[in-house]
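Quick notes on the structure that follows.
We name chains A, B, ... by the order of the sequence lines, and we start the count at 1 in each one.
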Number of protein chains: 2
Amino acid sequence: MGSVTHTDNGSSPAAEQAARGRAADTSRGEQTRQAIVASAIRLFGEAGYEKTTMRAIAADAGVSVGNAYYYFPAKEALVSEFYLELQREHLARVEPILGSGTSFGDRLTAILREGIEVWAPHHAFAGRFIGIAAVPGSPVSPFSDASSEARELATSIFHRLVDSTETKMDPQLRARLPQLLWLAQLGLVVYWVHDTTPGQRRTRAVVDLAVPYLEYLVGASRMKIFKPLTTRGLTLLEAVWPRAAG
Amino acid sequence: MGSVTHTDNGSSPAAEQAARGRAADTSRGEQTRQAIVASAIRLFGEAGYEKTTMRAIAADAGVSVGNAYYYFPAKEALVSEFYLELQREHLARVEPILGSGTSFGDRLTAILREGIEVWAPHHAFAGRFIGIAAVPGSPVSPFSDASSEARELATSIFHRLVDSTETKMDPQLRARLPQLLWLAQLGLVVYWVHDTTPGQRRTRAVVDLAVPYLEYLVGASRMKIFKPLTTRGLTLLEAVWPRAAG
DNA sequence: TCCGCAAGTTGAACACGTTCAAATCGGAGA
DNA sequence: TCTCCGATTTGAACGTGTTCAACTTGCGGA
């Protein structure tokens, strides 16, 4: 942690100290960096991705265009800051839910709902975001190494949810359920982004229907008749997403 | 079908006669159009999406940049021509498979494998393509109105597969299976695009494991114990993708 | 106090996708 | 044959993301 010796090919010089332990950094550079991030987030939220130009972001932050590129390798990199911001808010909202004593399904629904709520004001922006996140090499891709931390953070939410649930289920399924839920959430996000119903109410309806179904499936997994279904499903998951991989 | 009275806000003038019945058109405009498409497809395949500039495409086709924009509203539109080209090839390869008398699973595997084979030479390009296709408004999006025809074409493949299969299954599932298979294929494509194993062999392994599992699930659907699982699953599908919608 | 140097900053310049007013083409009708 | 007019074509120009050589800042050590 905090190691300096790594080759970060595509990243900007200032990204060195990224990830952790930047909270306490009050150096000039860090202030500039945060000013750029703040402007970017605000303008993205106000005008969307395309309409927000790098020149506008720089001007709003009171720096030159070139300076923004000293801290961020590309406009896309600023998008991931926006993403992190919302991720943090989702985490904050989810915290009390995990502590509550309600059922597995109720808490899962609440978690997914809060996710939708956090993103709701940025539905249009999310459409562009997903286009960036979907391309394999992108650091914003949910499968990329760069976002492994965010991925672990997200799965850790589901991990805590699963660990604190009393529901009986196949133990092997239990071990893998957090990842499965993360995948399901990913699918939900894709669905939500394409949901053009007012207020994305169809997505909310899908959540209300899908979670009890999931709960039912999870509960069924410990029954003998469902063993082959469960086992084979987990074998498939192992091929799709080996336990070893991040 | 073939109606002329529609308001095609964003499309180019020449796109009017798109879709059907352009095969016989040998007018000057059509020749130019095809020259541009041919150059675009070739250059995309050779150098990828980003590195292929509109100027290069135009030069290669022997026309001016502006002329390319007379036929295509944007660079992205040329991507969908590339997509159509591969779609056509996949269809051609799939045709003999549908006619063969092998089992449901074997034919499904063959269909999916051929899809991978057709795209294999363009794995890198597909990474960019998916980024374009993932954004909601895009005409290349698999969920868009613009690609409803391609979508129906694709589901029709699975429709024929399902219709010609003897396997016993829940009748309601049978009615919806083509759409489910299409969704599964979509997921497979996303997986394949992100598969960095050499030759995307992991994706092939997943297909080999997933198809028998699917076959097993489909077969199980007619058993009494699996009825609630099937029924509730189909209810969920109805919420996700109403029968009425395209 | 001053020097050296790394960190930070600048804005002009570049390449690209896209637009558009103007030029050209070619066939239908006189 | 000539004229007209819509279809087609042109290339300069615009706005954008990105790069880069040069400049400025401020701090640690002589």
Side-chain angles (χ1 to χ4, degrees), chain A residues 4 9-18 22 25-37 39-40 43-44 47-81 128 131-132 135 138-140, chain B residues 9-18 22 25-37 39-40 43-44 47-80 128 131-132 135 138-140:
Chain A
V4 192
N9 285 337
S11 67
S12 65
E16 295 288 292
Q17 45 176 349
R22 196 167 48 213
D25 191 341
T26 56
S27 66
R28 181 165 56 126
E30 183 55 22
Q31 277 180 279
T32 306
R33 195 197 135 90
Q34 284 180 1
I36 295 167
V37 168
S39 292
L43 294 176
F44 281 157
Y49 181 71
E50 336 269 5
K51 287 189 179 171
T52 302
T53 68
M54 287 302 284
R55 285 167 178 81
I57 293 171
D60 187 89
V63 300
S64 68
V65 216
N67 202 5
Y69 279 91
Y70 180 73
Y71 292 97
F72 302 95
K75 191 183 178 185
E76 285 187 12
L78 285 166
V79 162
S80 80
E81 295 290 330
R128 283 300 329 212
I132 298 167
V135 21
S138 164
V140 202
Chain B
N9 286 337
S11 66
S12 66
E16 294 290 290
Q17 47 175 349
R22 196 167 49 214
D25 190 342
T26 57
S27 66
R28 178 166 57 127
E30 183 56 21
Q31 278 179 277
T32 306
R33 194 197 135 90
Q34 285 179 1
I36 295 167
V37 168
S39 293
L43 294 176
F44 281 158
Y49 182 70
E50 336 269 6
K51 287 190 180 169
T52 302
T53 69
M54 287 302 284
R55 284 167 177 83
I57 293 170
D60 188 87
V63 301
S64 68
V65 216
N67 202 6
Y69 279 91
Y70 180 73
Y71 293 97
F72 302 94
K75 191 182 179 185
E76 284 187 12
L78 284 167
V79 161
S80 81
R128 283 303 326 216
I132 297 167
V135 21
S138 165
V140 202

Check against side chain to side chain contact (heavy atoms under 4.5 Å, CB included), B/Phe72 and B/Val37 = CA-CA 10 Å; B/Phe72 302 94; B/Val37 168; 3.4 Å; yes

Begin with the C-alpha distance, continue with both residues' side-chain angles, and end with the deciding distance and a verdict on side chain to side chain contact (heavy atoms under 4.5 Å, CB included) for A/Phe44 and A/Leu78.
-> CA-CA 9 Å; A/Phe44 281 157; A/Leu78 285 166; 4.0 Å; yes

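Evaluation of the salt bridge (Lys or Arg N to Asp or Glu O under 4.0 Å) test over residues 54-79 of chain B, restricted to residues two or more places apart or in two chains, returns B/Arg42-B/Asp60.
The side chain to side chain contact (heavy atoms under 4.5 Å, CB included) test applied to B/Ala56 returns B/Leu43, B/Thr53, not counting sequence neighbours. By the side chain to side chain contact (heavy atoms under 4.5 Å, CB included) test, B/Ala47 pairs with B/Lys51, B/Thr52, sequence neighbours left out. For B/Ala35, the side chain to side chain contact (heavy atoms under 4.5 Å, CB included) criterion is met by B/Ala61, not counting sequence neighbours.
For the pair A/Ser39 (side chain) and A/Ile36 (backbone), a donor-acceptor distance under 3.5 Å is absent.
Pairing each heavy atom of A/Ala74 with each of A/Tyr69, the nearest pair is CA-CE2, 4.1 Å.
Atom CZ of A/Arg33 is separated from atom P of C/dT9 by 13 Å (rounded to the nearest Å). As rounded to whole Å, 15 Å separates atom P of C/dG17 from atom CZ of B/Phe72. Rounded to a whole Å, the CD1 atom of B/Ile36 is 11 Å from the P atom of D/dT8.
Residues from residues 48-60 of chain A that place a heavy atom under 4.0 Å from any atom of DNA chain C, listed by number: A/Arg55.
Residue B/Tyr69 places at least one side-chain N or O closer than 4.0 Å to OP1 or OP2 of C/dT18.
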Between the protein and nucleotides 9-12 of chain D, are there any N/O to N/O pairs under 3.5 Å, and if so, what are the atom names and distances?
unit_1	atom_1	unit_2	atom_2	d
D/dT9	OP1	B/Thr32	OG1	2.9
D/dT9	OP2	B/Thr32	OG1	3.4
D/dT9	OP2	B/Asn67	OD1	3.3
D/dT9	OP2	B/Asn67	ND2	3.3
D/dT9	OP2	B/Tyr71	OH	2.9
D/dT9	O5'	B/Asn67	ND2	3.1
D/dT10	OP2	B/Ser64	N	2.7
D/dT10	OP2	B/Ser64	OG	3.2

